[in-house]
Amino acid sequence: MQYVRAPMTAALNIYDPSAKPQAGPTSLVGLTRPQMLDAMKSAGVEDRKAKMRAEQVWRWVHHHGVTDFEAMTNIAKGQRSVLAEQYTLARPDIVERLVSVDGTRKYLIRLAPGVECETVFIPDVGRSGALCVSSQVGCTLNCTFCHTGTQKLVRNLTAQEIAAQVIIARDDLSEWPTSNENRQITNIVFMGMGEPLYNLDAVSDSIDIMSDGDGMAIGRRRMTVSTSGVVPKIIELGKRTRAMLAISLHATNDGLRNELVPLNKKYPIAELMDAIRAYPGLNNSNRVTFEYVMLKGVNDSPAEARALVSLLRGVPSKINLIPFNPWPDSPYECSDWETIETFAEIVNRAGYASPIRTPRGRDIFAACGQLKSESERMRASARKAT
Ligand code: SAH
Ligand code: SF4
């Protein structure tokens with residue numbers, strides 16, 4: 001199956017939101033509204049009917065999750081067959097699907113030959129559950145504790161490919177049609193592979209798709225975009241998406257942060273904090289999340305906990321202490337549980353509630369970028385064995 005993918009330019013594969021679908025049968029699943037309108041016009045729907053038809057199909061796809069044009073009962077039979085001749089309702093393939101003992105589900109999704117990304121469903125976050133989506137395959141930044149950082153950037157994902165990750169998870173959890181009650185996927189977090197602010201056009205379009213009330217209807221304030229600190233894009237993110245902001249901080253002084261998150265050399269902590277303070281819509285009920293990965297003997301002392309508290313003073317914030325999830329040959333170890341508790345207590349006393357994020361899905365390699373490598377390793381050894 002072919003996916004609608006914008007033409008890629010130069011080495012960084014810049015996503016072009018105005019690009020038309022490629023020739024051949026393309027999938028309508030995960031298109032933006034303007035792309036759906038274009039698709040209807042390309043299928044020969046008269047101009048005066050195209051807008052309504054696009055709205056109908058868009059709703060069938062994103063509210064009902066249909067996989068067959070025949071299910072679109074408010075569209076005339078003839079019209080349905082025309083659409084079926086030219087388009088599909090196919091989803092990208094799931095290469096691996098792993099379900100953890102704790103309910104975490106992890107998918108490795110093939111978007112195109114050689115282009116695979118990870119998506120993780122984590123139950124019990126927020127009211128019900130969060131889906132962690134990828135925005136790029138690989139990453140250009142090389143945070144030293146992150147496994148994705150060891151993988152070269154393959155390319156940016158399109159808005160369609162980001163939205164398709166949610167659609168696939170909803171298929172798997174039987175969450176169609178969209179309902180407001182008993183949802184399992186209530187929140188979206190851009191904490192999978194890649195740096196979302198290096199792919200902001202696609203991320204922003206995908207948030208439009210996922211938040212649309214006629215589709216998946218996931219509120220914008222239930223979406224969190226995590227960045228390692230691409231300062232010039234932070235305010236733009238807020239203005240364009242009205243999503244919640246998360247910052248991968250991990251250190252409170254430039255010396256250490258330069259080491260852990262090399263992007264800090266370009267955008268040091270003081271500049272980062274200024275951009276965060278100016279994030280649109282920030283207040284006590286819409287706080288910034290600061291992620292802090294606990295690395296043994298590196299950033300986990302009580303003095304660093306106190307430095308964290310004073311750095312965040314005056315910023316409406318939440319703190320997420322993330323136990324480091326080790327990967328083969330990773331240069332760090334996770335802090336001891338006692339050390340994490342001491343750190344958390346200092347942060348707690350400063351008024352931040354239960355900040356430790358419990359490790360989820362460890363049995364299925366749920367750390368960022370790990371399933372992909374593990375799966376490639378297993379497939380490589382399977383190839384060798386045959
Ligand atoms: N590129 C973005 C979003 C993806 S990473 C960013 O860096 O914010 C999502 C989160 O997972 C980040 O906070 C990142 O620091 C954290 N992370 C990466 N590797 C990890 C590991 N091995 N253990 C624990 N957390 C990790
Ligand atoms: Fe990229 Fe985020 Fe990993 Fe850093 S932590 S290498 S920015 S995915």
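Counting starts at 1 for both ligands and their atoms, following the listed order. What's counted below: heavy atoms across the whole structure, side chains too, no hydrogens, waters or symmetry copies.
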Practice task
Tell me yes or no: between the side chains of S135 and E195, is some donor less than 3.5 Å from an acceptor?
Solution key: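 E195 and S135 do not have a side-chain donor-acceptor pair below 3.5 Å.
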Handout entry: H250 near ligand 1 by a heavy-atom separation under 4.0 Å
Key =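 Yes, H250 has heavy atoms under 4.0 Å from ligand 1.
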Practice task
Compute the minimum heavy-atom distance from G192 to ligand 1 and say whether it is under 4.0 Å.
Solution key: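 Yes; G192 lies near enough to ligand 1 that a heavy-atom distance drops under 4.0 Å.
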Practice task
Hey, could you give me the OG1/CG distance between T158 and D201, rounded to the nearest 0.5 Å?
Solution key: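 These two atoms lie 12.0 Å from each other.
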Practice task
Nearest 0.5 Å please: distance from the CE atom of M223 over to the CZ atom of F190.
Solution key: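 Answer rounded to 0.5 Å: 7.0 Å.
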Part of [X] within contact of ligand 1 (heavy atoms, under 4.0 Å):
X: F190; result: backbone
X: N325; result: both
X: E195; result: both
X: T227; result: backbone

Exercise for the section: Quick one: list whatever passes side-chain hydrogen bond (donor to acceptor under 3.5 Å, both in side chains) with T144, sequence neighbours left out. Expected result: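 Counting only residues at least two positions away or on another chain, T144 forms a side-chain hydrogen bond (donor to acceptor under 3.5 Å, both in side chains) with Y332.
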Handout entry: Inter- and intrachain pairs under side-chain hydrogen bond (donor to acceptor under 3.5 Å, both in side chains), touching residues 162-172, at least two apart
Key =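 Of all non-adjacent pairs touching residues 162-172, those that pass side-chain hydrogen bond (donor to acceptor under 3.5 Å, both in side chains) are R91-D171, R97-D172, R105-D172, Y107-D172, T119-Q165, R170-T178, D171-W176.
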Problem - Side-chain donor or acceptor of T289 paired with backbone N/O of A246 under 3.5 Å - result: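 The answer is no, because no donor-acceptor pair under 3.5 Å joins these two groups.
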In ligand 1, which numbered atoms sit nearer than 4.0 Å to a non-hydrogen atom of [X]?
X: C146; value: 18 (C), 19 (N)
X: S228; value: 6 (C), 7 (O), 8 (O)
X: I322; value: 24 (C), 25 (N)
X: V293; value: 24 (C), 25 (N)
X: W327; value: 22 (N)

Numbering as shown, the atoms of ligand 2 that approach [X] to under 4.0 Å (heavy-atom distance):
X: C139; value: 1 (Fe), 6 (S), 7 (S), 8 (S)
X: S228; value: 7 (S)
X: L141; value: 6 (S), 7 (S)

Exercise for the section: Output yes if H147 passes the N/O/S-under-2.8 Å test against atom 3 (Fe) of ligand 2; output no otherwise. Expected result: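 No N, O or S atom of H147 is closer than 2.8 Å to atom 3 (Fe) of ligand 2, so no.
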Practice task
Give the single entry among C143, G194, S248 that approaches atom 7 (O) of ligand 1 most closely by any heavy atom.
Solution key: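 Among C143, G194, S248, the closest heavy atom to atom 7 (O) of ligand 1 belongs to S248.
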Practice task
Out of S134, G192, G194, indicate the one that has the non-hydrogen atom closest to atom 2 (Fe) of ligand 2.
Solution key: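 It is G194 whose heavy atom sits nearest to atom 2 (Fe) of ligand 2.
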Handout entry: Greater than 12 external heavy atoms within 6.0 Å of N283's CG
Key =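 Correct, the count exceeds 12.
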Exercise for the section: In plain terms, say whether R59 and E55 are close enough for a salt bridge, that is, a side-chain N and a carboxylate O under 4.0 Å apart. Expected result: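 The answer is no: the pair does not qualify as a salt bridge.
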Exercise for the section: Before accepting this row, confirm whether a basic side-chain N of the pair E175/R183 lies closer than 4.0 Å to the acidic partner's carboxylate O. Expected result: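 Salt bridge absent between E175 and R183.
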Exercise for the section: Please test L308 against F343 for side-chain contact (heavy atoms from CB on, under 4.5 Å), starting from the C-alpha separation and ending with a verdict. Expected result: CA-CA 10 Å; L308 178 61; F343 197 104; 3.9 Å; yes
Exercise for the section: Before signing off on this row, confirm whether F324 and ligand 1 have an N or O atom pair separated by under 3.5 Å. Expected result: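 F324 vs ligand 1: no N/O contact under 3.5 Å.
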Exercise for the section: Under the side chain to side chain donor-acceptor pair (under 3.5 Å) rule, what do S226 and E291 come out as? Steps first, then yes or no, please. Expected result: CA-CA 9 Å; S226 173; E291 297 159 279; 2.7 Å; yes
